[in-house]
Every structure is written in C-alpha cells, then in structure tokens.
Amino acid sequence: MAPNPSIFPNQLPPADSGASSISLSALVASVRKHWLIVVIVTIVVGLASAFYTMGQTRVYQAQGTILFDQPLRPLGKEVQTVVDMSGDYLNKKEYYKTQYWVIQSQRLSIGVVQQLGLQRDAAFLTNSPPGAKLPPYSVPVEDAARRLRYRLEVEPIRDSALATVSFSDADPARAQRILGTLMDLYVQSNLDDALDAMNVAGDWLGNQVQSLKTELEASEMALHDYKKDKNILSVSMDDQYNMLRGEIQQLNASLTTNRAAREQIAARRGELLKINPEDPSSVPATDLFNDPLLARLRSDYIAATTQKEVLLASGKGTSHPQVAAAQAQVDTTKTALLDEVRNVQGAVDHDFNVASRTVAGLTGLLEDAKQRALELNLLEIEYNRMARAKENNEKLYGIVTERSKENDLTRMLRFNNIHIVDRPILPRRPISPNVPLNIGSGIALGLALGLIGAIGREQLDRTLKTPDETERELGLPFLGLLPLLDTHVAPRKPYGRSRRRRDPVEPPPDKDVPPELMVHVRPTSGLAEAARAVRTNVLFMSPDKPYRTLLVTSAAPGEGKTTVACCLAVAISQAGKSVILVDCDMRRPRVHRIFGLDNDIGVTTAILDADSLAATVRPTSVPSLSVLTTGPIPPNPAEILHSDAFERLLANLQEQFDAVIIDSPPIAPVTDAAVLSKRVDGTILVVRAFGTRKDVARRAVRALRDVGSNIVGTILNAVNFEERGYGGYYQYYYYRKAGYGPDRVPPAKSSPDAST
C-alpha cells in the first residue's frame, strides 16, 4: 500500500482540524452505520403518535357563513346610516376586522353562555363527547365565555364580503346549537346597536333643532333692530352706496369747475395789481376788452397825454393856457382811469372771494360725503356679519331638521346590513384528530429524530476510526492498518453497534502463542499480510536511504504499540534482514513476556557495561530477529535514554543489525518517546481504531514536531473489519483465515511484497 501523496508529512494539520467538515457521504455513512437507531426511533415515535392519536377525543366543527352587506339607501342617496362602508378600501378593511373581533368578543360570548346556560353544562365545560356521564359542574359566566371564545374561529372568505364562523366541540349537536345561537345573537346585536345609535342621534338632533331655532330667531331680531337703529330699512346698502357714489362724483366735478374759475379770477387780480398808478396806460389790454368804460377812459387818458406832449413839443411852455388846459385834461382822465381801475380791482377781489368761498363749501361737502361713505362701509360690515350669522343659523336649522326627519324614518325602517347566508348544519365527520396526518407526521418526526440521533452519535465519537480520517486529522502519511487479534482484550465498540460478543478478526493459533507473534506463526494470515504491507510502505517512505532505526510509539497507553512493534520486526525479519527489537518502555515493559524471557539483563545493563552487549542481545524463535529487553528498571528512565551511553548503544546495534525497532512508552504521560525520537531515523505513531481520541493524537504529533523528530507515518491498530468504513482493498488481506475456515472474500491480487 503506497503512502498518500496528498499528505505532507512535515506539516501539521490546522488547530481546528478536529472539527472536520461533515460531507454528505459522511452523513450517509453515519446513517448506514447506525441504521438500527433510525429504525427503532422511527417505529417508537410512529407508534407513540398512533397511540396518542387514538386516545384523543374526536372534535367536530360546525360552520356558518355571514354576509357583511353594504347598507341600502331606501330613502335616497343622501340618507346615511350609522354604518357606512361607502369609503375607500382601508375603511372597509377596518370595518371587516372590527366585525370579526365583535363576533369573538367577550360580550357576545357571555350572551350565548347566559342564553344557553353553558356555565352549568359540564359536558361543554369539559368538552366531553355525547353520552359521557359527568358530575354536576359549573363555573362563572366569564370563565365559560372564555372557553367558548377559545373554540371559536372567524375566517374571512377571500375577495368577498363573507366570513366563515366555526365552532369546535366534542358533541356535533352542541357545536351546531352554540354556533347558531351565536350567529343569531350577533345579527340581533348589530341591529340593536344600530337602533341604539339612531335613538341617541335622534335625541341629539331634536335638541339641536330647538337650540338652532332659538338662535335663528334671535339673529333675525338682531338684524331687524340693527336696520331700524341705523335707519337702513327703506333703501338697501347697495342703493345707498350708489347714491353716495353719484353725489361724490357731482361734488367733485363742481369743485373742479369752481377751482378753475377761482384761478382765472386770481390771474386777473394779479394782473390788475401790476398796474402802475403813475402810469395808468399800463393797464393790460385784456382787461380793456372785458370792461368798455375802462377801455374808453384809458383811451381818453392816452389822448390827453398825447395832446399835452404835442403842445409841449410845439414849444409852448407849461404855463401856457393850452398846455395848462391839456394838463388839466390829463389829470382829469387819469383820475377817472385810476378810479375805474380801483373799481375793477374791487370787483375782481369780490369775485375771487366768492369763488374761494364756493370752493371751500364744495370741499366741505365732498369730505362730508366721503365720511358718510366710510360710515356706511362700517355699517355694511356689521350688517353683513349679522346677516351671515342669520343665514348660517338658517342653514344649520334646515340641515339638522332634515337629518332629524331622515333619522326618524331610518329608525322606523329597522334595516340591518348583517345577514346569515348559511346557518350551521350538523357536522358528520370530526376534524381532529387527523389519524393519517398524525401518524404520518409521527413517522416523519421519528425518522428525523432517528437520523439526528444516528448522525449525532457518530459525531460525538471523537476517536479515530478510518485511514482517511487518520490522515485528515493528523496530517501524516498512512502506513497501514492491523486487524483486531487479541481475544483477551474487549474491542472498542463504535456507537450504535450491537453489544453481542464477536469473534476477533484474527484469533491466535493457541493459548501458548502470544498474538504479537502471529505474523511468524501464521505467515499467510491477514495479520501477516497487513504487517508486510506496513513494512513495504515504511521502505517506500525513504527508498534511497532506508530507515535503520525506527521508534514505535503511541499517544496514550493501551493502543497496541508493542504489538505493532513486534509485528513490524517480524515482518522485516521475514524479508531476510537481521532485526533487533529493543524494549525501551521502562515504565511497563512487555517484550520479555512476549518472547518468554526474563528481564534481568537488557538495555540498562548494556548501558552500564558496554562489553555485556553481546550477552544482553538474545535470539528468538523468529529467524533473524533478536530482542533487547529493558533490564532492571531504573528510577530515571528519561535521563538514561538521554545519555551518551545510550547513544553509543544504538550505534553499536546499528553496526550489528540491518534494522533496529524500538518500543517506547506513550508520548502523552511521559517524555521518553520524545527523547528517543531524536536519536532514531524515523518515528511511527500507532493509533488504535475507535480507541485513540483525535485531540490526544494531535497533541502527540505536536509534541514530536516540537522536538524535531522525523515522523514516518501512522498505523491504525486493532481494526474490526466487521464494522463499516473500511474499503474492500483491505478485505483480501484481513479476512483471510488460512487454516481457520473458508475465506470470506474471493481471492485477490496479493500484496506487492508478499513474495518476500
């Protein structure tokens, strides 16, 4: 058997490799291995569910259907009922859910209990089948109502306004009676609630009608008093607004006209004030056209002045009578002209004053009209407020009066939107227990529990069992396995296996021959084939530089390291090589007992006296195989094995023999194996099938790695091939029992080194 090349012998497995992944094939193997657990648990749970189902009380279910209808409007669309579902989808959904809760409410259940006297019905309270003889039994009404609600169910019918109401009971007739009473009481309760709500609404509307009537009358009288007080009875507010608007327009036009006239007069007045009294001829011509007298006097004045200037120009002096007469004429016309100018100025001043008073009067009238318009605006605001109050009271009074009449008509109609579509009928078949379903579920549950138990028991087994598992957990090459052969040692049973006594795979030839020498006694047995396969694998591990010294150890006591060491030594000696088996287990030596020797001399005496080595090495019944027992047990075995004298002893043995096989103590309890592993060419770790725990084996590998030893590989010992998990490759070797009955498997190709 060649080593697995996928395993790197110089690399430890990861720290969490013990929690190996669970593959589907591993689960299947676990189930196949513990199939009896699966079968037993499935049968037990299935039978338990069957007995439990048969012992259950049969329960019947009565069913009825209720319709939640949209409210009719016999009085027209404006008449609203107390329950209105004309809104959106959410409102309808909330209404339906509310009704479902009402059907299962405590109030309705109490009504059913009181009507049927269920609080004193012992059969109902205990949910007993018909005909059961029960003592008198009663509970409070509320308690009986809670029991009724517990058995009541309401299930809406999808995409409809219907709902199915169900009640479960051990008596089908009682279930029908209780559910029918409940549905009738619910319909009547819905109608009574609607009528109660309408009565309350009618009383309230009646009170509101009287109150609104009083308020309407008061608002009408207040509006009348206000119009009378403000003298706005004959003409409406709009007409008064129009009259004021026309008056203001007329006053504004007159004021504008008079202001223009006043400005004209003021302009004439200003021009007259510019006249120079010393030169009356400067009077404006425009004024002359407006006053003929003033124009004539101005002409006379200008003519007299001209005549005077002519006389003076003719050379007459100022004292000349003609000049004097002309001067007198000038003075007379000037005086007359100035007097007339003053008269004109007085008239203009009078006209200006009149125009100013007219403008002032018109301005006052206009301001008075504006003030009256503002006051009228304030009157209109108050008037409109009182009018609105009156109109609102009138509208409210009309609406409330109308609704009061409609409510009275609706109350007289007594309409109910809840209807019973299907009344409950007498149920014929029970709904529980469902015998096929319960038994099938019990079988399925038992199967699941059985599978979980089988897989769980397999996963709880933390020991190494198969070659693949050994390689995966320890990260070391697998060198081979040896079958279970010792009848005096009870084999470790895997979980889930029968505890009946089984024959070992390889029984010893007789009681006088130790099983460790069976490779020599029966060279054609399966054990011998397995030992030779291990020998071949060890040689293949280092073909260029064969191992001269090999240490055989184990993680814990009782794993068969001494048996493996003996079998390996015999197998190597059968290949024609000189082999010495050295017993370095100075804690519990066994080699001398296997070969029937005393232990007076051995390793310890050879270390103390190198010349006595020839006497301490003793031959055995196996050709080419010698043994070196431990000799007297020293108090300090570790120091002896760590000494230079022991190293010289190993060197002498290597010179005399082709192979040195050393049996050592386990690694876990003592350090002897770790010390020895540094002095040999290779170390073989023995693992007992279903005996060595994974964590203990990993600690042993780590201890050997820590001291730098060369671990050749692992050997799986004490394998019981009647268990599952071992391939047919090994069956040819390990099921052959030459001389002990027929072979269990057909002959197959022999081991590669069988000829040796």
Side-chain angles (χ1 to χ4, degrees), residues 1-5 7-13 467 470-471 474-482 530-555 559-573 575 577-585 591 603 625 628 641-642 646-647 649-667 671-687 697-698 700-717 753:
M1 174 180 175
N4 190 345
I7 302 298
F8 298 94
N10 294 325
Q11 182 173 348
L12 277 174
T470 303
E471 281 187 332
L474 303 183
L476 297 174
F478 181 70
L479 301 177
L481 48 78
L482 297 180
R532 286 192 288 270
V534 172
R535 177 195 66 192
T536 302
N537 288 334
V538 171
L539 295 177
F540 282 169
M541 294 302 297
S542 181
D544 297 332
K545 187 179 179 182
Y547 298 117
R548 296 289 305 280
T549 56
L550 288 173
L551 176 67
V552 180
T553 186
S554 63
E559 295 179 354
K561 58 177 181 53
T562 302
T563 301
V564 173
C566 293
C567 293
L568 181 60
V570 173
I572 295 176
S573 66
K577 296 182 179 180
S578 58
V579 182
I580 183 170
L581 177 62
V582 181
D583 189 0
C584 290
D585 187 356
V591 174
V603 175
L625 176 62
L628 179 59
L641 299 177
H642 198 269
F646 181 75
E647 185 176 3
L649 174 62
L650 285 182
N652 292 333
L653 293 176
Q654 290 183 46
E655 293 178 356
Q656 299 178 23
F657 298 93
D658 296 330
V660 178
I661 308 299
I662 301 176
D663 181 23
S664 71
I667 300 173
T671 62
D672 298 4
V675 173
L676 287 171
S677 64
K678 297 184 64 176
R679 300 186 178 277
V680 297
D681 297 336
T683 302
I684 296 176
L685 182 66
V686 176
V687 175
R698 283 196 296 269
V701 173
R702 186 173 291 107
L704 293 175
R705 294 295 188 194
D706 291 342
V707 298
S709 62
N710 178 27
I711 305 177
V712 179
T714 61
I715 296 176
L716 190 62
N717 186 37
D753 63 333

task: Show your reasoning for whether side chain to side chain contact (heavy atoms under 4.5 Å, CB included) applies to Asp672 and Ser664.
output: CA-CA 7 Å; Asp672 298 4; Ser664 71; 5.8 Å; no
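- By the side-chain hydrogen bond (donor to acceptor under 3.5 Å, both in side chains) test, Ser554 is found to be paired with no residue, residues two or more places apart in sequence or in another chain being considered.
- Minimum heavy-atom separation, Ala571 to Arg535: O-NH1, 2.6 Å.
- For residues 651-667, the salt bridge (Lys or Arg N to Asp or Glu O under 4.0 Å) pairs, not counting sequence neighbours, are Lys561-Asp663.
- Residues Leu716 and Phe478 share a closest heavy-atom pair of CB-CE1, 3.6 Å.
- In this structure, Asp583 contributes its side chain and Val591 its backbone to a donor-acceptor pair below 3.5 Å.
- Closest approach of Ser578 and Phe657 over heavy atoms only: OG-CA, 3.4 Å.
- A distance-only check finds a donor-acceptor pair linking the side chain of Ser709 to the backbone of Leu704 [under 3.5 Å].
- Heavy atoms only, all atoms of each residue included: Asp585 and Pro665 are closest at OD1-CG, 3.4 Å.
- Going from atom CD1 of Ile684 over to atom CG of Leu551 covers 8.5 Å, rounded to the nearest 0.5 Å.
- Of all heavy-atom pairs spanning Val534 and Gly480, the tightest one is CG2-CA, 3.9 Å.
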- prompt: Could you walk me through whether Leu476 and Glu471 pass the side chain to side chain contact (heavy atoms under 4.5 Å, CB included) check?
  reply: CA-CA 6 Å; Leu476 297 174; Glu471 281 187 332; over 6 Å; no
- request: Mind running side chain to side chain contact (heavy atoms under 4.5 Å, CB included) on Leu474 and Val687 for me, showing each step along the way?
  value: CA-CA 10 Å; Leu474 303 183; Val687 175; 4.1 Å; yes
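- Across Ala674 and Val707, no two heavy atoms sit closer than the pair O-CG2, 3.9 Å.
- Judged as a side-chain hydrogen bond (donor to acceptor under 3.5 Å, both in side chains), and not counting sequence neighbours, the contacts of Glu647 are Arg679.
- The CD1 atom of Ile572 sits 13.0 Å away from atom CD1 of Ile580, with the distance rounded to the nearest 0.5 Å.
- To the nearest 0.5 Å, atoms SG (Cys584) and CG (Leu628) are separated by 7.5 Å.
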task: Begin with the C-alpha distance, continue with both residues' side-chain angles, and end with the deciding distance and a verdict on side chain to side chain contact (heavy atoms under 4.5 Å, CB included) for Val582 and Leu649.
output: CA-CA 11 Å; Val582 181; Leu649 174 62; 6.0 Å; no
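- Distance CD1/Ile662 to OG/Ser677: 10.5 Å, rounded to 0.5 Å.
- Residues that satisfy the salt bridge (Lys or Arg N to Asp or Glu O under 4.0 Å) test with Asp681, not counting sequence neighbours, are absent from this structure.
- Note: Ile661 CD1 to Leu653 CG = 12.0 Å, rounded to the nearest 0.5 Å.
- Distance check: Thr714 OG1 to Leu481 CG gives 10.0 Å after rounding to the nearest 0.5 Å.
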